[in-house]
Amino acid sequence: MSETKLQPLAELQQLENADYRPGKIFVATLKRELQLALRRRSDLVNPLIFFLMVATLFPLGVSPEPTILATLAPGVVWVAALLSTLLAMDSMFRSDYEDGSLEQILLSPQPLFVVVLGKVLAHWMMTGLPLTLMAPLIAVMLFLPAEGMSGLMLSLLIGTPTLSLVGAIGAALTVGLRKGGVLISLLVLPLYIPVLIFGTAAVEAAVTSLPLAGHLALLGALLALGVALAPIAIAAALRISVSG
Amino acid sequence: MPRWFYQLASPRWCYQITGKLLPGFSIAALFLIVGGTIWGLAFAPPDYQQGNSFRIIYLHVPTAYMAQSIYITMAIAGAIGLIWKMKVADMVAKCCAPIGASLAILALATGAIWGKPTWGSWWVWDARLTSMLILLFLYFGIMALNSAIESESTAAQSTAILALVGLVNIPIIQYSVDWWNTLHQPSTFKITEKPAMPPEMWIPLLILVIGFYCFFAVTLMMRLRNEILRRERRTSWVRELLMQQRG
């Protein structure tokens with residue numbers, strides 16, 4: 001297991017001897033992460049099943065009435081997506097930390113910012129993107145009007161990367177701890193609130209056929225801020241967690 | 001960097017200086033809070049709309065201010081600790097969190113008590129209430145992280161990063177919550193937006209705000225002194241101090 005896991009890392013090591021090329025490092029990290037993720041299929045599927053299950057609880061717990069569910073749908077889909085991203089967050093740096101490859105990454109002369117960004121992007125491709133693709137299924141189950149579908153997909157597409165970026169800060173801060181899972185939720189959930197607010201607002205605007213470009217622009221602004229700043233915090237948090 | 005800034009880095013010096021400052025701040029806090037409370041509760045004129053129930057503002061507003069300023073203090077102290085590796089700054093940041101959290105709880109509780117007579121319900125998803133609740137959650141997260149990490153320096157650095165991330169987020173949260181609220185329920189519940197208060201109403205409020213700042217300084221210094229003694233318990237100066245006190 002550990003041998004197969006370190007194989008893609010070897011490619012990263014080789015690059016260290018080459019010139020300083022952040023783009024290459026980014027691609028190499030992305031490749032490695034995706035390769036590792038594809039080898040552990042159950043980790044890929046679990047958040048999706050969780051997403052489906054949480055969404056199923058609402059008709060059972062609140063009411064199966066289509067009108068009630070339709071009003072709840074934007075919020076429920078968004079909250080479920082948020083919770084499933086959170087569920088997958090703990091594993092982001094954990095296995096790398098446990099087998100020591102995280103230390104190797106930290107020691108490499110390549111910019112940590114870029115490596116972290118690659119890891120987050122891979123994480124999003126394995127959680128946020130499938131969640132976005134699966135969202136229409138849940139939206140139909142919750143009787144979200146068909147007009148809202150575009151808003152839901154677009155807002156999830158722009159919003160979930162921010163969730164991965166912010167969640168990675170929590171994951172990096174708790175990677176050295178044995179029980180990180182619940183703690184990550186405590187740290188990260190308050191920070192998720194703006195994304196949730198703008199995301200559901202976009203869906204509601206789409207349902208009532210109001211213009212949703214403004215909401216999406218705000219989500220995009222949050223994403224831009226996240227891409228620019230979150231990797232700095234993640235990199236600093238990783239250095240602290242590993243050295244401590 | 002001025003000399004006093006470096007001196008602050010020494011726990012011993014910090015212990016001594018806070019010991020000198022503590023009595024002054026305690027007296028100021030006591031007089032300002034007692035004086036302001038008596039003025040506000042007994043002598044300020046009743047509000048023309050809310051009658052006497054508005055008087056809780058004299059407790060609500062200072063606590064709400066404090067909850068926010070303490071967060072900023074904590075984040076700045078955390079940043080100083082992170083950048084200059086100052087132990088004292090780490091300790092200040094650590095001591096700030098429980099004080100800020102308790103004042104946030106107090107602000108929420110007084111807000112709820114105020115809400116009952118004015119809005120007719122204990123809790124309203126008003127933008128200000130909600131952002132105060134989220135601030136409380138941020139405090140909880142920071143305290144949880146700090147207690148989860150065993151190594152004290154790692155805990156201080158990690159919480160400093162979290163506090164800074166939260167600091168960047170607070171304006172975004174505040175703005176998004178404001179925006180969310182106006183989207184859902186446009187101006188149903190609003191206290192008459194900071195009415196142009198007569199001076200006899202806002203002067204006691206100002207006195208109480210200053211009094212609460214002094215109170216924060218007092219509690220912070222007391223906690224900080226305990227924390228310094230606890231962490232420096234193996235150093236010679238703390239032992240000497242204890243020997244002196246024992247007599």
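Nothing here was measured: the structure is a model prediction, and the numbers come from that model. A, B, ... follow the sequence lines: proteins, then strands. Residue 1 opens every chain.
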If you measure from the Lys or Arg side-chain nitrogens to the Asp or Glu carboxylate oxygens, is any gap between B/Glu227 and B/Arg223 under 4.0 Å?
no
For B/Ile173, which atoms come within 4.5 Å of any heavy atom of chain A: side chain, backbone, both, or neither?
both
Where on B/Phe140 is there a heavy atom nearer than 4.5 Å to chain A: the side chain, the backbone, both, or neither?
neither
Distance-only donor-acceptor pairs under 3.5 Å for side chains of residues 229-241 of chain A, two or more places apart:
unit_1	atom_1	unit_2	atom_2	d
A/Ser241	OG	A/Ala172	O	2.7
A/Ser241	OG	A/Leu173	O	3.4
A/Ser241	OG	A/Ala237	O	3.1

Hey, do the aromatic rings of B/Phe212 and B/Tyr65 have their centres closer than 6.0 Å?
no
Below 4.5 Å, heavy-atom pairs only: which of A/Leu225, A/Thr174, A/Ile193, A/Leu189 has the largest tally toward chain B?
A/Ile193
Going by ring-ring contact (aromatic ring centres under 6.0 Å, His included), name the pairs with one or both residues in residues 160-211 of chain A, residues two or more places apart or in two chains.
A/Phe198-B/Trp179
Max heavy-atom pairs within cutoff under 4.5 Å with chain B, candidates A/Ile197, A/Val188, A/Leu218, A/Leu186, goes to A/Ile197
Tell me, out of B/Asn169, B/Ile170, B/Leu133, who's got the most heavy-atom pairs with chain A below 4.5 Å.
B/Asn169
Presence of salt bridge, B/Asp90 and B/Lys85, under 4.0 angstrom
no
Proximal component of A/Leu222, with respect to chain B [non-hydrogen, under 4.5 Å]
side chain
Looking only at atom types and distance, does a side-chain atom of A/Thr208 sit under 3.5 Å from a main-chain N or O of A/Glu204, one as donor and one as acceptor?
yes
Assess the side chains of A/Ser155 and A/Trp78: does a donor N or O sit below 3.5 Å from an acceptor N or O?
yes
Counting only non-hydrogen atoms closer than 4.5 Å, does A/Leu196 touch chain B with its backbone (N, CA, C, O), its side chain (CB onward), both, or neither?
neither
Honestly, the part of B/Leu82 sitting under 4.5 Å from a heavy atom of chain A is side chain
Against chain B, label A/Ser243 side chain, backbone, both or neither, depending on which of its atoms sit under 4.5 Å from a heavy atom there.
neither
Examine whether an atom of B/Ser151 lies under 4.5 Å from a heavy atom of chain A, and if so say whether it belongs to the side chain, the backbone or both; otherwise answer neither.
neither
